[in-house]
Amino acid sequence: MNYRVVILCAGKGSRLGRRTTHLNKALLKVGDKAVISHTIDSFPKETEFVIALGYQGDVVRQYLEIVYPERKFIFVEVDKLEGIGSGPGYSLMCCKKELQCPFYFITCDTIVDIKNRLHWQDDWAGWADIDDYEKENYCTLELDSDGWGNTYVEGYCDKSENGTNNAFIGVAFIKSYEYFWKYLEQIKLSFNEEIQVAPSILSIPTMAAWCFDWYDTGSEEGLQNARKYFGGLQNLDKEDEEIYFVNGHTIKYFRDEKVIKDRICRSNYLGSVIPKILGSTQNFYKYEFLRGKDLFAIDNQHEIIESLLNFYKDNLWKDALLDDKEKSSFKDICLDFYRGKTLCRLEKFFENSNTSDREDIINGKSISKIENIFKLIDWDWLCDGIPSNFHGDLHFSNTLLLDDGTFKLLDWRQNFGNVLEYGDRYYDLAKFYHQFLWPHTSVKSGKFSIVERDGLIEVEIEVPENIKKSKEVYERWIVDEGYDLKKIKILTGLIFLSMSPLHEKPLDRFLFYFAKLWLYSVLRV
């Protein structure tokens with residue numbers, strides 16, 4: 001039977017709050033790929049998909065085109081995303097011209113294993129068990145059995161506490177498409193004065209009902225449950241970037257198109273120490289997925305760290321030859337990058353956290369205001385950097401130990417104060433140092449804490465023994481190579497401050513207070 005698959009991606013995903021401020025909910029990562037990829041990967045290669053686009057629609061289009069260049073997508077623009085008469089029913093009506101055949105209907109925030117249902121060629125709707133408190137959130141079904149093991153829809157209730165415990169999960173196969181379209185065109189406004197899809201689907205005569213294991217990624221609880229089940233590489237959530245691993249490729253997303261453009265440009269300066277970029281769009285680029293180990297995934301970092309540092313030294317940190325004017329300008333760039341950018345980030349942190357610059361008692365120590373801490377820094381000395389090629393986010397998680405024993409660097413920074421060709425080597429050295437104080441594995445596994453009570457603040461993070469040993473090896477190497485360890489420590493504190501507004505609570509507050517404590521301790525020595 002010839003059929004198409006329609007996926008509705010027009011909605012904003014208001015149940016997810018800040019997560020969908022800049023990203024369509026179809027592109028939230030579950031496992032190693034976007035939610036929408038779980039649906040697409042369930043169908044044969046020759047399947048034709050009709051994608052209803054609306055909120056952040058161009059970004060959805062870019063994702064599908066860069067991840068699935070061999071797939072066929074028909075994109076339909078939905079011109080009414082909110083207000084009376086909008087809703088999933090209206091989005092689907094926009095797709096009517098492309099769905100004059102049997103079709104699968106799937107909402108973009110639903111994950112189910114649909115492969116085992118592709119053989120069933122009659123009308124059916126998917127359902128799953130829900131708890132009583134969830135009835136008001138979903139259209140629910142009244143079901144009946146024919147005595148032969150087949151279950152059918154007998155009726156439905158639209159988002160009411162009087163409904164059943166059988167939720168319609170936004171998945172269906174519409175064989176009787178002519179009947180469906182005729183019914184949908186006549187439907188009246190329902191919940192929230194929107195046009196809903198469920199009544200038209202569930203009113204088809206002899207509509208079979210199939211039970212699924214279901215993940216509703218359109219809610220925070222459902223998203224977290226899905227992520228727990230599918231696992232994969234879970235980075236710390238950021239509103240304006242994401243990383244996916246699909247079909248043998250690594251896909252990077254950035255909200256800021258200039259980041260993509262500059263990263264691609266910088267790849268020419270970094271050369272063979274990074275993977276070769278295979279394609280890009282305005283907001284995405286992709287490269288071949290490399291098989292190897294994140295250096296946080298091994299337990300003997302302290303044994304290989306010297307060879308790793310020598311790899312950086314021989315293959316990455318090439319001096320940039322500047323004339324006197326360029327050197328003076330570079331010092332100004334460093335000042336703006338270290339002080340100016342940090343102050344801007346702090347303004348964002350204070351705004352987001354509803355706090356202000358003040359004296360604090362952190363881990364039993366009286367710590368001055370950031371304003372006063374900054375007065376202790378010799379900025380002229382700090383900004384006398386080493387212009388060279390650089391990575392910009394250098395740490396174990398961005399260094400792969402490949403199966404052949406060589407290293408590759410990932411996720412490089414796009415610029416250094418708008419300079420692409422070179423940056424301050426000390427920034428790389430400080431970025432590398434920060435992981436020994438703030439191990440990413442400890443952060444991801446929740447092995448850090450911040451307690452704020454009665455004006456007192458306690459911050460703590462677990463540092464594994466092998467990371468402590470690595471720190472000792474690194475500090476010796478720094479001294480032996482003639483670098484200034486105190487400068488690296490101060491820059492590390494500034495890095496923590498700059499990171500604080502980029503993360504959600506409580507990690508943002510932990511980073512801020514941890515940075516204050518660290519900087520004050522280093523500067524008072």
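- For K408, the NZ atom counts as densely surrounded, since its 6.0 Å shell holds more than 12 non-hydrogen atoms of other residues, nucleotides or ligands.
- Separation of the Y104 and F43 ring centroids falls under the 6.0 Å cut-off.
- The side-chain tip of R266 points at the ring of F390 from less than 6.0 angstrom away and within 45° of straight on.
- The residue from T20, D109, T107, T217 that alone fulfils the side-chain hydrogen bond (donor to acceptor under 3.5 Å, both in side chains) condition with K25 is D109.
- Every residue was checked against the ring pair (Phe, Tyr, Trp, His ring centres under 6.0 Å) condition with Y287, not counting sequence neighbours, and none meets it.
- Between the side chains of D79 and Y90, at least one donor N or O lies within less than 3.5 Å of an accepting N or O.
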Under 3.5 Å, which donor-acceptor pairs link side chains of residues 94-101 to any protein atom two or more places apart or in another chain?
residue: K96; atom: NZ; partner: E185; partner atom: OE2; Å: 2.1
residue: E98; atom: OE1; partner: R4; partner atom: NH1; Å: 3.4
residue: Q100; atom: NE2; partner: K96; partner atom: O; Å: 2.9

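- With ring centers used as reference points, F173 lies 6.0 Å or more from F105.
- Inspection of the Y68 and D41 side chains reveals an N or O donor paired with an N or O acceptor under 3.5 Å.
- Ring centroids of Y215 and H38 are separated by 6.0 Å or more, keeping the two rings apart.
- For the pair D404 and R291, the salt-bridge criterion is not met [side-chain N within less than 4.0 Å of a carboxylate O].
- Residue V35 comes nearest to C108 through the heavy atom pair CG1-O, 3.1 Å, listed as atom of the first residue, atom of the second, then distance.
- Atoms CZ and CG, on R61 and N24 in that order, are 13.0 Å from each other to the nearest 0.5 Å.
- Here CZ of F416 is found 10.5 Å from OH of Y422. Values are rounded to the nearest 0.5 Å.
- One finds the CD atom of E421 at 7.0 Å from the SG atom of C265 (value rounded to the nearest 0.5 Å).
- Of the possible polar contacts, one joining the N225 side chain to the E221 backbone as a donor-acceptor pair under 3.5 Å is found.
- A search for ring pair (Phe, Tyr, Trp, His ring centres under 6.0 Å) contacts involving Y285 returns W412, not counting sequence neighbours.
- Judged by distance alone, the side chains of N466 and N300 never bring a donor and an acceptor atom under 3.5 Å apart.
- In this structure, the side chain of R345 engages the main chain of S498 through a donor-acceptor pair within 3.5 Å.
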